[in-house]
Amino acid sequence: MLSRLKFVPMRLLQAVPVAFGVTLVVFFMVHLIPGNPAESILGAQATPAKVAALTDQMGLNQPVVQQYWHFLSNLAHGNLGESYTYQVPVLTLVWQRAPVTLLLVAYSVVLMLIISIPLSMLAASRPGHVRDHAVRVIPLVGLGMPQFWVGVMLLLVFAVGTGWFPVGGYGDTMMDHLWYLFLPALTLAISISPVIIRSLRASMLNVLESDYVATARSKGAGGRSLFAGHVLRNAIIPAVSIVGVNLGYLVGGTLVIEKVFAIPGLGSMLIESIFARDFPSVQAVALFVAVFVVLVGVLTDVVYTLLDPRVDLTQRMNA
Amino acid sequence: MSAAEQPAAVLEVREVTKRYGHGRRDTLRALDGVDLTLHRGEILALVGESGSGKSTLAKILAGSTSQTSGQVLCDGVEITARRHSTARRRIQMVFQDPYSSLNPRMTVRSALSEVLRVHRVVPREQIAEELSRLMSLVGLDDSALDAYPSQFSGGQRQRIAIARALAVRPDILIADEPVSALDVSVQATILDLFESLRSELGLSVLFIAHNLAVVQHLADRIAVMYLGRIAEVAQTDTLFASPEHPYTQALIASVPRMRPRDLEQPPALDGEPPSPIHLPTGCRFNPRCAYAQPTCLIDEPALERVAEGHSVACWFAGQLQQAPTKQSEEFA
Amino acid sequence: MSVVALSRTVEPLLSVQHLTIGIPSSGGGHATLVRDVSFEVGPGVRYGLVGESGSGKSMTLKAIAGLLPRGVEVLEGEIHFDGDDVLTMSPHERRRIMGPRMAMIFQEPMTALNPTTRVGKQIAEGPRRHLGLSKADAQELAVDMIRRTGIPDPARRARAYPHELSGGLRQRIMIAMALSCKPALVLCDEPTTALDVTVQDQVLRLLAQLCDDMGSALTFVTHDLAVVSQTCSRLSVMYAGRIMEEGNVREVYEAPQHPYTEALFQSAPDFDDPGRRLAPIPGLPPSLTDPPPGCPFAPRCQYAIESCSTGSKPLVEVRHRHLSACDLADQIFGGTR
Amino acid sequence: GCASSSTKSGGASKSAGAPVHGGNLTIARAQDAKSMNNILTFDNSSIFIFEQIMEPLFTVTADGKATKPLLATGYKVSADKKTYTINLRKGVKFSTGKEMTSADVKFSIDQDTKHASTGWGFINSAIQQVQAAGKYTVVIKLKHAWAPLIADLALFSNAIVPNNYDGKTMAEFYQAPVGTGPFKWGQWKRGEYLKLVANTGYWQKGKPYLDSVTWNVVPDSNTRKLQVQGGQADIDEYPDWSTFKSLGTGSNVIAKTFPSTELDYLAFNEKKKPFQDVHVRRAISAMIDRSAINKAVLFGNGTPANSLLMPGVPFYQKSTPGIMKNDALAKKELAASSVPKGFSTTLLIPSGDASKLSTAQIIQNDLQQYNIKVTIKQLDPTANHNAQQNMQYDMGLSAWTMDIPDPDEWTSFAIDPDGGAKSAYTNYRSAEAIKLNRQAQQSVDHSTRAELYNQLQDVVAHDAPFAFLYYAPYAYGVSDKVQNFNVTPLGNYPLTDVWKSK
Amino acid sequence: MTTFSLTHRFRPSRREARPAARRLRPWYQNRSLVAGLVIVCIMVLLAVLAPVLAPYNPIKQNLNEALQGPSGAHWLGTDKLGRDVLSRLLYGARVDLRIGFLAVIIPFVVGTILGAIAGYFGGWLDIIIMRIVDVFYAFPLFLLVIALVFVLGPGESSIYLAIALVSWVSYCKIVRGEVIVARQQEYVQAARLGGLNNARVLGRHIGPNVISQAITYAMSDIVMDIMVIVTLGYLGLGITPPTAEWGSMIADAQEFITTLWWMAVVPGVAVVITGLGLSLIGDGLTDLLSPERRK
Ligand SMILES: Nc1ncnc2c1ncn2[C@@H]1O[C@H](COP(=O)(O)OP(=O)(O)OP(=O)(O)O)[C@@H](O)[C@H]1O
Ligand SMILES: Nc1ncnc2c1ncn2[C@@H]1O[C@H](COP(=O)(O)OP(=O)(O)OP(=O)(O)O)[C@@H](O)[C@H]1O
Ligand SMILES: [Mg+2]
Ligand SMILES: [Mg+2]
């Protein structure tokens, strides 16, 4: 089993150029912004002399390549700079907030699966039937409803209306977190589940029509034992990569969700720091998110390999 | 045989090997030193088990992939995969699956005239005429020209694929299992077509198949491949009458016949070919060979001539009794 | 070949009567894939269904096993197995016989095995369900079945995933799986088409031998006339969803009683008769949505006369236990009746 | 007295009874604080918090128009108005337990003055020297007579911190600042919450009533509203006007407004054509329907603005003839202007501010009637700020609130082009206005100042460097459990007297 | 034990001839496609005819009638500035459909071309293109678009540019995968062996057979783009007011979610219906253009 994971180091190695590209994007993202960053930082107190001094201090008048090199070498030392807003190292902020977002994303993946699997099973079990169409069409409504609207509606009904859940916030203990994050994770899950349900349904149909399911039927398997023993696992395998591919979307969703639900995660930090022109923070969050997405890509491959004995990723490496 | 009688070779394959794979340990030797000659105007059949490298050889000949080492000579001139369009024209290929070998979105007319135009086979104004000629050549009606592939049956599609190959007026046709996907009732028409193309156009055909009964009907000569090497080459009658290689013998014995056979009998051959990644030492057939001797485990036999036009790669060619002396224990 | 001599008084194991399979469509013009097919298979008999691609062999078999694809339905007819009408069975009852009484082997061993489950477990699934074996016992039985298919080192092979095995081994696993509950009837859909001749030979022998050992009857679908001649004692020749001819293998091969069968033999290369010229069958099979009246083969038949294109053409006995759907069988082939 | 008005009658009058000790006050706010440094920090979300920790010598009265002693007990002014002798309150202790003395005061004010270039120190520009004359006496010498001094000392940047930061560096100190205030430093999870706990040794005995105060960051206004309604928060710091009224209906929340010193105005950039033309400015001022804005944006909670000064500021003159919507005037002025046929221009607003967006659209609509085509340009707040500072805009929407109870802070900013802000970035230059403002700064006599500021207001109203739009009150959504919560016109809300009923 | 699946390829089974299924159904019998086309056509028609159909000027304010519920005069009520919601909805369709379609075109073309090149030629070209794709893929779409629009300043052209810069990667990935599959097809090999040059093989033989996936994806991409506009509106980076546009209508309604919650629903429903129509077209096209891939 483990020998099949020998691709992981290679795969990680392959992520290096990607990570490098990510730093480029992150670096130039800030340098694209019109105007002088120093001016933005100084804000109300900007005088030409102070701007010049800060420009100098930040090395903004050096050639771009040199600045990038500087950025990289600082990065190598784990130094991403200080938040302009809070005047603390951005890394501290990111470490404080990353777990929140990771928990939120993981939570929503779980909820998404809880929503999507039964629904897609329902649809796949009778293709073309009313319930199939219903399952395929109704979630589309979720796709067209903006996340902030869905979020506030959930708050109105399940937090203010019934008092079952808190109105935003994060809480202190793990149990608290799970309780506080339920509605935001649900909002995210709802927003992505149409895509997932469609793909899962399609892969379930594929599996249901496959020869090995016919074989299982010819052995007298049926109903639940057929689903649990033969359909689910094989249908989940493509779902894993679908989830992997859509992870970026989920992470992107946290930008809005965290704002709506007052969650102190990376998404809200990013929005805040973009608007505050807190460039080191923007860079740090973008970098973290990108690296996270890349790593999840690797993780998806691992899970894929563990679930599907057929894949030999050493063979797919160059793809 | 005197020089005058010696049929001219149009295509010669010398010591061709093909390796797949990147790692040093994981290389797969799809072809491992193949020698083969295709004579002008003959139908040479290539048979062998799945994975023995037949298609790989076909692709090398047609120029869609290049060999790892060795030479391919066309009329004595070496050709490679990157060949000039005139050289490319000379050798054409017909594929196995008539369903995927035609572009579903092009009518027969556009598919054929495209080739004619690109290669300037005939002047522009004669294209229509040429199309009719091609259609009649493969036994189809002109009305078929404006249909899409989906409107044809498998046999008809295969004819269209052959027409496309013939459009550039090749000398050599490589047919990779052109009838394997067809029903027997249709298969016969395609076999007929090959027969007539050879006799009327003088085409040289390399015909790849796995069905010995088909090959027996069509081919002038037969080459038997095993795990990336030629095991035996002979005239069709010779091969079936006196197969020399134990694998050829087993292959012939395995062919299902129209008359009953005692199924209680053990099969002619045990096991399946080993992986081309981990080839056995010595003769590559030795794990399944009923006659294997110690020599066979050490040295690989070369393809040697045992008679006029009959070559065999076996240490004991010509000396084998029909009864097996050793039951193979090795399996897969 | 003692099975051939079985007398007709023995209750057939499988009896298919007037089976019609089609795709019902609300807009009319529905396709009929199999039309009025009837045949019987006695206990222990090896029965072949031959015919060209699309002639409805697989559909007939799938209808028997209750595995018709979505949208395809049995429109008419009955299928009795062990005296019970399997078409009216509840899914639950159906599942009770699938495995211990009736088993199926598919054409593509690659796709017919669950890619994510070890083959031993897949074999053990049936015995666990139907024979009530414990997990360990079922696993042991699975290993034993693998051994009986002649695969060396069965315990190790049982732990393999399907993709780790070659095609021949996979098909043996399929056979082990089908026979693990000692079924009375094994349904095979072209089990060797995907295999090389040498391996096909091995597998066919194994199949026949195991069926004999267990006393299982076999219903064997193939398009290869030679394969059926080597495996079966009795056969039906299907064309365009109908049975054209039924009889004992020897008799059909020696004296076909239907022009289609004859044409089929003439178009197939015979290994033992290399000199014979192959004669293709001209034309195409008829459309399934809009079949011609009368004999479906009439448009391609060299003997066809006007009356061939009208009326129904039932299977009639033209010789002893040799049935043909051709009106003119007597005239053409000089039947003795 | 309590100056609050309430949209929910009876809510405020709910008998408070005797104050109860204990409890945590939760305030939901849109933005986190940025820094606790009281001399360098400009944003209100930070200021409102560190004001609870560090107290100045004087403070603002509840009506926001005067000062009263806090850590001081009183002061004397010399005859030349250039020396102030201030007596300190005895027995005031920092939350560390150390007593506050004149050394701390000198250090604190000097520290503020020292950072004039990067912080609030400019406010002390009149101060020549601070002397610790005795343990409880501080003498401040001025460069020239300076009327707003006591008001300046009441500013949070002059709040008293321990001498020499108790041996810490400035940065270290402000990580967990120490002061004499009712609350002391608790915990700060940036982006999530900031918590202060009661200073048990507070010099006002028995206060504060609350055990702790937590400011939670809740960026979305709907969520903030739902939090107070659901009881998860006690105070909604920035309710939307659009839902303000509904905040108080049918729940235990009171929608409160407090008189403010907020003026919302439309600034004209006189560096850009045609805004140098006073007729154009006056014409546009006369085109804007202020009551419509008040209705659509403030839902009737504000008042149309008529003056440079706000009603909550001393010397505001109610009769100032600020231009209101007046079709005839608009037509007349436009005809007299350099662009009688109308023109095209842009209106800059910060993005993400729904009120400003609506205001801008109404102005756009109003001006269109006179053939002035306005394109709304949205920039993120920081870029918006920069564009204004660099005078890269045509018209812009801005607002001002006072930090000290003296008009000078604003007038100097708004009409003195040499005050560093180019007349609130309009480049408005009126010799008369500048003169009036200078005189008012240096005159200590109340009625003289009143007269000067009256004239100033008239001049500015006529010149219309800004189109005054409206005065908006402060809005808060407050749980009915919270007692004594008051906001001064300057925007700060001392929590010393606040308590929560059970 | 570790044999590779490649070493055991099988002779492809004889394809089951399915005359019943082989014949392509004409497009108008495809229910999803027809339903989707009808919906989208109606939307487009409403957008085109907005000047005729809309009862009011979409940016005309009437503050005396602000925030009204549906009535005879205003079928869908009025917004905060007293503008007629129905008229804004109709005019909004023009903007949103335009942005949706236009924003998809450039990424579609660029992504398809690059994906085809990467998939067809493979090798270094493939590696380089795909690494670039990976880099872009690492950033969530919203993150990059928001950051870019922020950088470029709000407005329609920034939105086009930001979306174009970001979303070509999806097309590139999809098309590359399809091309790699198609390249193995025998008809493509036949075309190459027939001596056709690469451009011709790609354009004539591979292109038409792989484009359907990209088109299908484009349908859902349009919905995504509309959602991006909506979200940008929420963050105050959307279309310049007072232009009527669904995203800003939803964003404007945001203030009233807790009181007049239906204000966001009206434009939301428009987005949903459009999305539904486009998805149905996508479904239909999948069926129609790739019968072998029928789900
Ligand atoms: N592109 C490839 N990459 C790696 N291995 C390959 C590739 N193509 C073929 N092979 C391997 O090369 C060997 C020879 O394959 P080839 O297709 O030539 O066999 P074949 O004789 O044509 O078999 P079949 O009868 O199944 O068509 C097989 O083991 C096959 O798995
Ligand atoms: N899932 C399906 N839906 C609709 N029609 C089908 C389906 N499967 C097969 N058919 C049609 O049913 C007819 C009979 O098919 P069947 O599979 O029984 O043929 P067969 O004799 O087994 O052919 P082959 O030798 O190709 O396997 C064919 O015409 C085929 O097109
Ligand atoms: Mg091959
Ligand atoms: Mg079949």
Side-chain angles (χ1 to χ4, degrees), chain A residues 33-37 39-47 49-50 83-88 92-93 96-97 100 148-149 151-153 155-156 159-163 165-172 180 256-266 268-269 271-278 281, chain D residues 26 28-37 40-43 46 115-120 122 171 174-175 188-193 214 216-233 251 350-352 379-390 392 420-421:
Chain A
I33 295 179
N36 187 336
E39 211 166 87
S40 312
I41 297 163
L42 287 168
Q45 303 97 56
T47 63
K50 272 191 266 173
S83 156
Y84 297 164
T85 315
Y86 294 117
Q87 269 113 39
V88 290
T92 342
L93 293 178
Q96 222 171 61
R97 288 167 166 240
V100 182
F148 60 82
W149 190 84
V152 172
M153 285 300 126
L155 280 181
L156 267 180
V160 180
T162 63
F165 295 100
V167 186
Y170 183 57
D172 294 316
Y180 274 83
V256 171
I257 298 286
E258 288 184 1
K259 179 170 184 227
V260 171
F261 287 92
I263 298 164
L266 290 176
S268 49
M269 175 171 168
I271 296 275
E272 263 171 45
S273 36
I274 283 185
F275 281 96
R277 306 240 154 170
D278 185 352
S281 298
Chain D
T26 307
R29 49 172 23 196
Q31 268 191 329
D32 198 4
K34 296 205 165 87
S35 162
M36 289 296 113
N37 188 325
L40 296 180
T41 307
F42 286 80
D43 80 305
S46 306
H115 289 86
S117 63
T118 47
W120 285 95
F122 63 85
Y174 285 112
Q175 291 298 315
W188 188 9
K189 274 198 154 173
R190 285 178 181 78
E192 190 176 359
Y193 64 82
T214 311
N216 280 337
V217 182
V218 183
D220 189 273
S221 66
N222 290 308
T223 313
R224 278 199 303 280
K225 174 185 164 182
L226 296 179
Q227 283 201 343
V228 253
Q229 287 184 341
Q232 201 169 321
S251 63
S351 56
L379 284 180
D380 67 274
T382 314
N384 175 70
H385 192 104
N386 288 345
Q388 290 207 354
Q389 283 193 338
N390 298 330
Q392 285 158 348

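Contacts of A/Val88 with chain D are made by side-chain atoms alone, with heavy-atom separations under 4.5 Å and no backbone atom involved. If you measure heavy-atom distances from D/Gln232 to chain A, the contacts under 4.5 Å come from the side chain alone. Residue D/Ala233 does not touch chain A at all, counting heavy-atom pairs closer than 4.5 Å.
Between chain D and the residues A/Glu272, A/Gln96, A/Arg97, A/Met269, the most heavy-atom pairs under 4.5 angstrom are made by A/Arg97.
Nearest approach of D/Ala28 to D/Arg224, heavy atoms of both residues: O-CD, 3.6 Å. The two residues D/Ala30 and D/Val217 have their closest heavy-atom pair at O-CG1, 3.8 Å. Between D/Trp188 and D/Ala33, the shortest heavy-atom contact is CZ2-O, 3.2 Å.
When atom types are taken as modelled, the side chain of D/Thr41 and the backbone of D/Ser46 share no donor-acceptor pair closer than 3.5 angstrom.
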